[in-house]
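Each ligand, and each atom within it, is numbered from 1 in the order the structure gives. Atom set for the values below is all heavy atoms of this structure, side chains included, hydrogens, waters and symmetry mates excluded.
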Amino acid sequence: MSKPTDQQLPLRVVQITDCHLGKVAGSRLLNLDTDQSLAAVIELVRAQQPRIDVLLATGDLSDQGSTAAYRRFLSATRDLAEHTRWLPGNHDDPTVMRAALGADSRMQRNLVLGNWQIVMLDSSARGEVGGYLAAEELDALKLCLDAHPEHFVLICLHHQVEPVGCAWLDRQQVANSEQLWDVIKNYPQVRSVVSGHVHQRFDDLRHDVRVITSPSTCVQFAPNSDDFKVDNEMPGYRWFELHANGRICTGVERVSGFDYEIDLTATGY
Ligand SMILES: [Fe+2]
């Protein structure tokens, strides 16, 4: 069993999610150029975050699982952080993602840094919009948690594990999330579960575990809507400070002055 190191400073973590980059640069989602909005968010990250220990990219990095989209995402984020981890969403193709990265460490299962372990899970199910955690993912989580029992833990996956209050999105949450909670309840070192997919901020507590979701770098979805609804909030990202004593500080930042040409009347995407 490994002992945590004597972490001095909080770990600075940035989450970027749901970029939906198309096969070709400049592709649009609901009329929004998703490369352009990602670039605006990254510019904001660079301006606000002088030191990033970990960059977390939590899925739907591409819109159609294309190699070209992953290469563009890689080059846009390559030097942002000391460490980077990616995981797939329902719009991604994990095999293509891995191939695009080659020998790069970005799709490794976990990252152990200071007093913290970050564990990446794949909740994508081929051909499905909704999330599911296969037995291998839950087993891999247990292995990570058993391997580092004295580290605080942040679990990342694409789909949300609790309802966020939007009926249409909550039908797509991790279908077997209770199995995840059954694992988590045996490991009190787990401090937070962090997701993307819902294109909106959410922050709640379940069994003392912070359940968090974050804005997309492109189109935002309106909170508390039963049916598909686009929000006029700006693209953004989430930051975390992971403190040595297990405390988490977190917040959301959004771009401003961005020429937002989104189709707010859309009824689906
Ligand atoms: Fe998604």
Classify the side-chain pair Q179/N176 by whether it contains a donor and acceptor separated by less than 3.5 Å. yes
Looking just at side-chain N and O atoms, do H158 and D60 make a donor-acceptor pair shorter than 3.5 Å? yes
Let's test this: below 2.8 Å, count the protein N/O/S atoms around the Fe ion (ligand 1). 4
For [X], enumerate each residue passing the salt bridge (Lys or Arg N to Asp or Glu O under 4.0 Å) test, keeping only those at least two apart in sequence or located in another chain.
{"X": "R46", "result": "D79"}
{"X": "D170", "result": "none"}
{"X": "R206", "result": "E162, E178"}

Starting from L121, can I reach F202 by hopping between I/L/V/M/F/W/Y residues whose side chains sit under 4.5 Å apart? yes
